[in-house]
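Structure record follows, encoded as structure tokens.
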Protein chains: 2
Amino acid sequence: MRKRRRVMLADVAAEAGVSATTASYILNGRADEMRIAPATVTKVQAAVADLGYRPNRSARSLRTRRTATVGLVSDQIAGEQYGSSMLTGASLAARELDHLVVMGESGGDPELERLLIEEMLERDVDGVVYATRTARTVHLPEGLRGVRSVLLNCEDPDERLPSVVPDDEGGGRAAVATLLAAGARDVWVVGEDPVPEATAGPRRMAGIRAELATHDLDVAGLVRCDWSVTEGFEATSRWLADGGRADGLVCMNDRLAMGVYQALAEHGLRVPDDVSVVSFDGSALAGWLRPVLTSVELPFTELGALAVRRLLDPDDHVGTDSVPMRVRPGGSVRPV
Amino acid sequence: MRKRRRVMLADVAAEAGVSATTASYILNGRADEMRIAPATVTKVQAAVADLGYRPNRSARSLRTRRTATVGLVSDQIAGEQYGSSMLTGASLAARELDHLVVMGESGGDPELERLLIEEMLERDVDGVVYATRTARTVHLPEGLRGVRSVLLNCEDPDERLPSVVPDDEGGGRAAVATLLAAGARDVWVVGEDPVPEATAGPRRMAGIRAELATHDLDVAGLVRCDWSVTEGFEATSRWLADGGRADGLVCMNDRLAMGVYQALAEHGLRVPDDVSVVSFDGSALAGWLRPVLTSVELPFTELGALAVRRLLDPDDHVGTDSVPMRVRPGGSVRPV
DNA sequence: CTGAAAGCGCTTACAG
DNA sequence: CTGAAAGCGCTTACAG
């Protein structure tokens with residue numbers, strides 16, 4: 001790949017007038033442990049800088065069985081759906097720990113997933129983050145048995161594994177707290193998760209109920225629909241046509257909320273004057289709507305970063321980390 | 001990482017009753033070239049399957065200097081902005097060629113970019129894809145000099161390098177052709193690219209003009225604004241307030257078009273009855289708007305895949321590949 | 001057609 | 001405190 005001959009550890013050692021052993025210890029930060037003379041350390045460091053020495057990782061890995069590399073397999077977290085920020089977070093956290101991310105997407109194909117995991121293990125990644133686009137329960141893939149791994153945005157109820165997920169229940173509480181603070185008392189929820197493995201919906205709902213209960217309230221009603229713009233529009237339109245009314249609406253995601261906005265507008269209801277709306281995701285879309293949608297943010301960058309940090313933390317414990325979801329204020333909640 | 005002792009080539013050779021040399025040749029598909037007896041091949045393959053042998057890539061890489069790994073450095077192509085599909089495409093294409101993608105995002109920080117490239121080269125990636133979030137001209141980073149690399153979504157005018165970009169000029173022609181076919185004759189363009197390095201805007205504009213010229217037309221006017229919802233809304237509102245009218249609008253991207261929709265609605269103009277609108281990106285947002293926005297799609301998955309294929313194609317030539325942009329029809333262009 | 005042996009560039013007991 | 005030497009698991013001239 002490079003023009004000039006690559007310089008090796010032996011060259012550095014020669015230049016510094018020491019053995020490869022000594023040079024190696026210094027390069028690996030074991031100078032103190034080995035009580036190497038400070039002058040020797042300096043000489044070696046100078047030689048490294050001088051020759052532009054870069055260690056050959058394959059050679060090192062062959063000995064140490066570590067590659068300073070982490071695998072990240074997912075169904076599909078890139079693509080336009082929010083969630084790709086998990087990659088950004090993972091990449092940054094890996095870099096901070098002197099690692100690089102090897103990624104692969106299976107598109108949900110189990111055979112491809114198996115292949116990707118196998119290829120990663122052949123390359124001796126130091127661990128694997130197993131991520132899903134939507135928050136859900138999963139079964140750890142067979143190929144990851146006995147492999148150091150962290151689940152990202154998912155959990156395996158059958159295994160004791162480290163797992164990193166958003167705190168959807170806390171998010172639900174935060175969403176309702178925002179509405180209650182604005183004086184809303186008649187709170188409806190729009191959206192119902194149809195997939196049994198999905199964890200976001202039920203947990204948000206639990207948080208919503210818990211927070212309402214602190215005011216001796218409960219959910220006033222549920223507008224059932226899946227989490228898409230069209231369904232949000234249609235279900236809400238039907239509800240309004242049937243005389244449905246509320247002073248606070250909690251939408252299960254931002255896309256759905258966009259449909260809700262459209263339905264409210266068609267029925268002559270204004271956000272936030274006639275009804276306050278909060279949502280989940282904190283996606284870019286929330287910022288594009290008018291008024292800007294108040295939304296409880298999914299902390300994807302943080303989730304990705306935390307998963308990698310836990311993967312590389314030798315003292316890490318088994319268990320689930322729930323990362324807080326914060327309200328990103330917009331203009332869709334009526335000011336008190 | 002794995003519980004049981006890892007099986008090595010020597011085990012396979014022993015089990016098959018041949019030397020490691022012979023087993024290695026067979027594993028590397030050189031059985032024919034070496035004229036190895038079919039029976040021997042069969043025995044070795046059986047042993048491989050039997051023992052579940054997986055080669056140690058680090059050992060192989062140390063000898064061959066190839067890792068079956070490609071680097072993908074970018075400013076930031078994950079995150080919610082469209083463009084993260086380049087990662088999906090790259091990952092899939094790499095897999096098809098028995099490679100894996102090592103990714104890193106610099107967030108635009110040159111020092112971090114340098115580090116990422118260095119780390120990738122230390123790990124002997126077989127080549128590097130250098131990608132940008134927005135289509136633009138770049139200077140090849142110093143660290144990639146002499147390294148096999150392909151530019152993705154960008155071009156270096158000073159270097160003769162392989163490069164993969166969307167065909168924005170063809171996209172511009174396609175956008176206008178759609179409007180002309182619907183009978184539009186008074187075509188305005190909304191959006192103006194403020195960054196001098198950006199290539200999408202000027203190329204689309206060239207295509208727009210070229211296609212209009214086939215009907216002896218030119219752009220009727222330009223509504224200047226950057227490519228955001230808010231600016232699209234405000235600039236279009238001002239234009240309409242000043243009496244601006246058109247029968248066809250070309251928006252430089254989907255977000256901006258969302259603002260245009262809002263402005264048109266506030267002025268009582270209906271899409272597509274009063275004005276036809278086409279846009280660029282083909283993002284999910286286009287599908288969420290009502291009516292669905294007709295948009296010329298940025299082929300991100302294909303771009304990512306093609307970049308990796310070119311990187312790994314030993315016969316690849318230097319030069320730019322322009323990937324076609326196709327119109328994704330919605331309901332924003334008046335049917336004839 | 002097949003095998004013994006060297007060597008890829010490191011790390012790490014071990015000896016001094 | 002420092003160095004000579006073995007060995008990580010492959011590939012590949014080379015010899016037969």
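In what follows, every chain begins at residue 1, and chains take the letters A, B, ... in the order their sequences are listed.
Within residues 13-27 of chain B, the residues that have a heavy atom under 4.0 Å from DNA chain D are, in order of number, B:Thr21, B:Ser24, B:Tyr25.
Nucleic acid contact class of A:Thr40 (heavy atoms, under 4.0 Å, all strands): sugar-phosphate only. Contacts of B:Arg30 with the nucleic acid, taken as non-hydrogen atoms under 4.0 Å apart, involve only primed sugar atoms and P, OP1 or OP2. The residue A:Leu9 sits close to a base: some heavy atom pair falls under 4.0 Å.
Along DNA chain C, the nucleotide nearest to A:Arg66 and the one nearest to A:Leu62 differ in position, and the one closer to the 5' end is contacted by A:Leu62.
Residues forming a side-chain contact (heavy atoms from CB on, under 4.5 Å) with A:Thr301 (at least two apart in sequence, or on another chain): A:Ser85. Under the side chain to side chain donor-acceptor pair (under 3.5 Å) criterion, B:Asn56 pairs with no residue at all, not counting sequence neighbours. When the side-chain contact (heavy atoms from CB on, under 4.5 Å) test is applied to A:Asp75, the partners found at least two apart in sequence or on another chain are A:Ile77, A:Ser106, A:Thr132, A:Arg133.
For the residue pair B:Thr22/B:Ser19, the side-chain donor-acceptor check at 3.5 Å is satisfied. Side-chain N/O atoms of B:Thr88 and A:Glu105 include a donor and acceptor closer than 3.5 Å.
We find the CG-OG1 distance between A:Asp126 and A:Thr69 to be 7.0 Å, quoted to the nearest 0.5 Å. Between atom CG of residue A:Leu92 and atom CG of residue B:Asp109 there is a gap of 9.5 Å, rounded to the nearest 0.5 Å.
Salt-bridge formation is not detected for the pair B:Asp124/A:Arg57: no Lys NZ or Arg NE/NH1/NH2 atom is positioned less than 4.0 Å from an Asp or Glu carboxylate oxygen. With respect to A:Glu15 and A:Lys43, no salt bridge is recorded, no charged nitrogen being found less than 4.0 Å from a carboxylate O. At a threshold of 4.0 Å, the pair B:Arg114-B:Glu142 does not count as salt-bridged, since none of the basic side-chain nitrogens sits closer than that to a carboxylate oxygen.
Mapping heavy-atom proximity under 4.0 Å, the span of DNA chain D touched by chain A runs 5' to 3' from D:dC1 to D:dG9.
Among the duplex regions that DNA chain C forms, those built from at least three successive Watson-Crick or G-U pairs under 3.5 Å are C:1-3 with D:14-16, C:5-12 with D:5-12, C:14-16 with D:1-3, ordered by first number.
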